[in-house]
Amino acid sequence: MPRTTGPAARTATTDAPSPAAAAAPTTDTAAARASVGSLPWEELVTSALLGTDRRPPAPRGGPAPVPADAPRALLDAAARHTVRQRAGLLPAVPGTRPEPAARDPRPALPEAARHRLARLLADRAALSGSGRRGAAPDLTELIPQWLATANRQGYRAPAALLPALLDAARARTDLRPQALAFAGPRGLWLAGLNPDWKFALRGAASGALHPDVSDPEAVSRLWEEGLFAERVALLDAVRAQDPPAGLALLATTWPAERAEDRLMFLDSLRSGLGGDDEPFLERALSDRSRNVRATAAELLSALPESALAGRMAARAMSCVGPDRTGDTPSIAVEAPHECDAAMQRDGVAAVPPTGRGERSWWLGQLVEATPLGSWEERFGGRPAEEVVALPVADDWAGELHAAWCRAAVRQRNPRWSRALLGHPSAPPADGPGTASIAERSKLLAILDQAERASWVAEFIAAHGLSEAFQLLGVCTVPWAGPLGRAVVDALDIARDGGSYPWSFSGVMGLAERCLDPAEADRLEVLTAAQDEQEGASPGAGGYWSEAFQRLVSTLRLRAAMEAELLS
């Protein structure tokens with residue numbers, strides 16, 4: 001019988017050992033099989049793909065022999081690797097036994113919730129998003145919501161499910177903050193034993209148990225000796241409780257920090273940002289890192305009373321002001337002709353992006369760093385709504401309004417955000433601010449939850465769902481009653497109008513995760529299949545019926561999940 005040469009596990013040759021011989025391997029064979037068992041997973045995969053005759057499973061360049069039963073030895077080694085992986089510990093040179101994981105004082109999950117988590121994690125590898133999904137809920141999309149609810153309730157992760165949880169977080173970066181918080185100290189301990197989960201150590205702080213920030217000794221020790229992620233989280237925790245104390249902590253090591261670390265620490269000052277931070281940020285304007293200088297300037301411009309905000313306002317007012325040449329009130333613009341050293345020190349980037357003119361680029365940066373209240377004074381005490389409605393000369397309106405939008409987001413000014421958004425029923429292109437849906441989403445995020453939901457509901461009622469996806473993304477979950485009804489009504493109108501159904505799959509998926517589960521019974525009537533309409537997309541009726549069935553099923557499943565976690 002000729003030898004088989006196909007890849008992966010190959011059949012034995014005619015001179016294969018007898019069962020008796022296989023049951024009692026020689027010392028050389030045992031040593032060869034042991035050498036295969038020590039190979040890394042990547043080597044085993046390569047050998048399986050190329051075939052054991054072309055790539056024998058043995059250390060390259062090493063003295064270990066190739067086992068006579070190489071295909072069998074390769075499969076045995078792969079099985080051992082799989083068991084180790086499931087146990088959460090990769091093979092390593094014997095060393096000091098690791099310290100036990102820190103105790104997690106949080107309560108255990110209710111039994112029903114534990115079983116639910118096991119099913120969600122087991123289903124996450126299932127194929128989804130390709131072809132027609134049918135009426136069954138997509139369990140993988142419910143994991144983030146389940147984790148968020150479990151964390152709000154303060155439960156700890158079951159030890160047996162930690163490897164699967166970390167694998168899920170490794171595959172999906174959006175899961176990591178909630179997954180690491182749920183995994184807690186045991187998850188971090190386990191991640192330290194497996195390089196595949198090293199991402200958890202980089203973002204470990206979100207799931208770590210911090211020392212009491214009122215204990216100066218513990219805070220100082222962690223700040224001096226902790227991992228970078230732990231130090232960032234510690235600074236956030238101290239800033240949340242006592243902003244000046246957080247700034248003082250940062251100042252103790254600031255000169256010795258790396259540029260990329262200084263940037264991350266500086267970003268932590270956004271929490272509790274106030275006038276006490278101004279001297280430190282002014283010194284950071286001279287930092288050797290350009291990114292640090294730019295971030296310091298951005299933070300200072302968010303403080304309306306800061307010296308930098310005053311300097312930027314003086315520059316911007318020299319460029320933008322009332323046009324006194326006509327009878328109708330309007331805005332005149334004369335963009336800066338140069339970007340001098342003082343402007344650059346205050347955070348103005350001299351070189352524009354490709355396709356942008358220098359003068360408009362400089363003007364936009366000056367305006368977005370100017371306190372918004374200054375413009376009301378500049379235009380005779382007019383409120384924000386009237387200022388943004390003034391005509392702007394020489395086609396500068398787009399640039400000026402876009403800069404005001406960025407300023408409103410940076411300064412978190414709801415009055416100007418409201419003025420720049422305009423009325424939701426007005427066409428986006430005719431609004432006073434920006435036609436960009438992305439910019440409008442940022443402005444909406446400044447408003448309180450109820451006003452945000454009401455504005456988006458009116459926008460959908462007037463314009464439908466074609467441009468509403470990003471706007472819905474900034475609304476609080478679950479969607480408030482009027483917003484949820486507006487979304488469902490728009491989907492129902494699209495179905496009745498014979499619209500191309502697959503173009504609404506994104507909004508439908510968002511509705512599955514964000515609608516209030518209490519709406520399930522009210523939506524049951526929409527699950528019935530409709531007759532095909534003339535001119536409608538082929539199969540549209542069946543698709544819409546499936547989509548609404550899936551929506552109702554998912555809402556009921558979410559309600560059951562929440563009940564399990566609250567029991």
Side-chain angles (χ1 to χ4, degrees), residues 270 273-279 281-282 285 293-326 328-340 342-349 359-422 431-434 439 442-443 445-447:
R270 296 181 191 278
L273 183 67
D276 291 341
D277 300 315
E278 183 178 357
L281 293 172
E282 274 285 344
L285 290 176
R293 294 195 302 272
T295 302
E298 180 189 343
L299 292 173
L300 283 168
S301 68
L303 296 172
E305 303 302 321
S306 69
L308 178 136
R311 295 193 296 270
M312 298 297 268
R315 295 175 181 126
M317 298 302 160
S318 69
C319 299
V320 180
D323 185 351
R324 307 187 188 281
T325 61
T328 304
S330 61
I331 299 175
V333 176
E334 179 64 31
H337 291 272
E338 64 173 341
C339 183
D340 57 30
M343 289 170 62
Q344 293 182 50
R345 183 183 181 276
D346 283 346
V348 178
R359 297 181 65 198
S360 64
W361 171 244
W362 299 333
L363 175 70
Q365 293 177 82
L366 295 180
V367 172
E368 70 179 281
T370 297
L372 288 164
S374 303
W375 298 110
E376 296 171 9
E377 298 175 14
R378 179 67 165 152
F379 291 99
R382 286 184 171 87
E385 293 80 2
E386 292 185 21
V387 173
V388 300
L390 292 173
V392 183
D394 301 326
D395 297 324
W396 282 103
E399 186 67 50
L400 183 60
H401 287 176
W404 277 337
C405 288
R406 296 193 297 272
V409 172
R410 179 183 296 188
Q411 298 170 35
R412 303 197 64 79
N413 189 310
R415 195 159 43 83
W416 273 77
S417 296
R418 199 175 294 117
L420 289 161
L421 280 166
T434 173
E439 290 290 341
K442 294 175 183 177
L443 291 170
I446 307 302
L447 306 180

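Model, not experiment: these values are computed from the prediction. Sequence positions, counted from 1, serve as the residue numbers for this chain.
- In this structure E399 satisfies the side chain to side chain donor-acceptor pair (under 3.5 Å) test together with R356, sequence neighbours excluded.
- Sorted by first then second residue, the salt bridge (Lys or Arg N to Asp or Glu O under 4.0 Å) pairs that include residues 329-339, not counting sequence neighbours, are E334-R359.
- Put simply, the side chain of E386 does not reach to within 4.5 Å of the side chain of P329, judged on heavy atoms.
- For the side-chain contact (heavy atoms from CB on, under 4.5 Å) test, no residue two or more places apart in sequence or in another chain qualifies with S318.
- The heavy-atom pair separating L303 from G275 by the smallest distance is CD2-N, 4.4 Å.
- Results of the side chain to side chain contact (heavy atoms under 4.5 Å, CB included) test with L299 over L308, L273, D277 single out L273 as the only residue that passes.
- From S360, atom OG reaches atom CG of L400 across 12.0 Å, with rounding to the nearest 0.5 Å.
- Residue pairs that meet the salt bridge (Lys or Arg N to Asp or Glu O under 4.0 Å) test with at least one member in residues 296-305, sequence neighbours left out, are R270-E298.
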Identify all side-chain donor-acceptor contacts of residues 369-380 below 3.5 Å with residues at least two apart in sequence or on another chain.
unit_1 : atom_1 : unit_2 : atom_2 : d
T370   : OG1    : M312   : O      : 3.4
T370   : OG1    : L366   : O      : 2.8
S374   : OG     : P371   : O      : 3.2
E376   : OE1    : R415   : NH1    : 3.4
E376   : OE2    : R415   : NH1    : 2.4
E376   : OE2    : R415   : NH2    : 3.4
E376   : OE2    : W416   : NE1    : 2.9
R378   : NE     : V320   : O      : 3.1
R378   : NH2    : M317   : O      : 2.8
R378   : NH2    : V320   : O      : 3.4

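- Atom OG1 of T295 sits about 10.5 Å away from atom CG of L285, to the nearest 0.5 Å.
- Here the shortest heavy-atom pairing between R410 and S301 reads NH1-OG, 2.6 Å.
- The minimum heavy-atom distance between A335 and L363, with the atom names listed, is CB-CB, 4.2 Å.
- Residues D394 and V333 are not in side-chain contact: their nearest non-hydrogen atoms beyond the backbone lie 4.5 Å or more apart.
- Between the side chain of E278 and the backbone N or O of A307, at least one donor-acceptor pair lies under 3.5 Å.
- For the residue pair S417 and L447, the shortest heavy atom distance occurs at CB-CD2, 4.3 Å.
- In this structure, the side chains of N413 and I446 stay at 4.5 Å or more apart for every pair of heavy atoms.
- Atom-to-atom distance recorded for D276:CG and L281:CG is 11.0 Å, nearest 0.5 angstrom.
- Going from atom CG of D346 over to atom CZ of R315 covers 4.5 Å, rounded to the nearest 0.5 Å.
- Between E439 and L420, the closest side-chain pair of non-hydrogen atoms is not below 4.5 Å.
- Between A407 and V367, the shortest heavy-atom distance links the atoms CB-O, 4.2 Å.
- Across every non-hydrogen atom of A349 and W361, the tightest pair is O-NE1, 2.9 Å.
- Taking R293 as the reference, nothing meets the side chain to side chain donor-acceptor pair (under 3.5 Å) condition, with sequence neighbours excluded.
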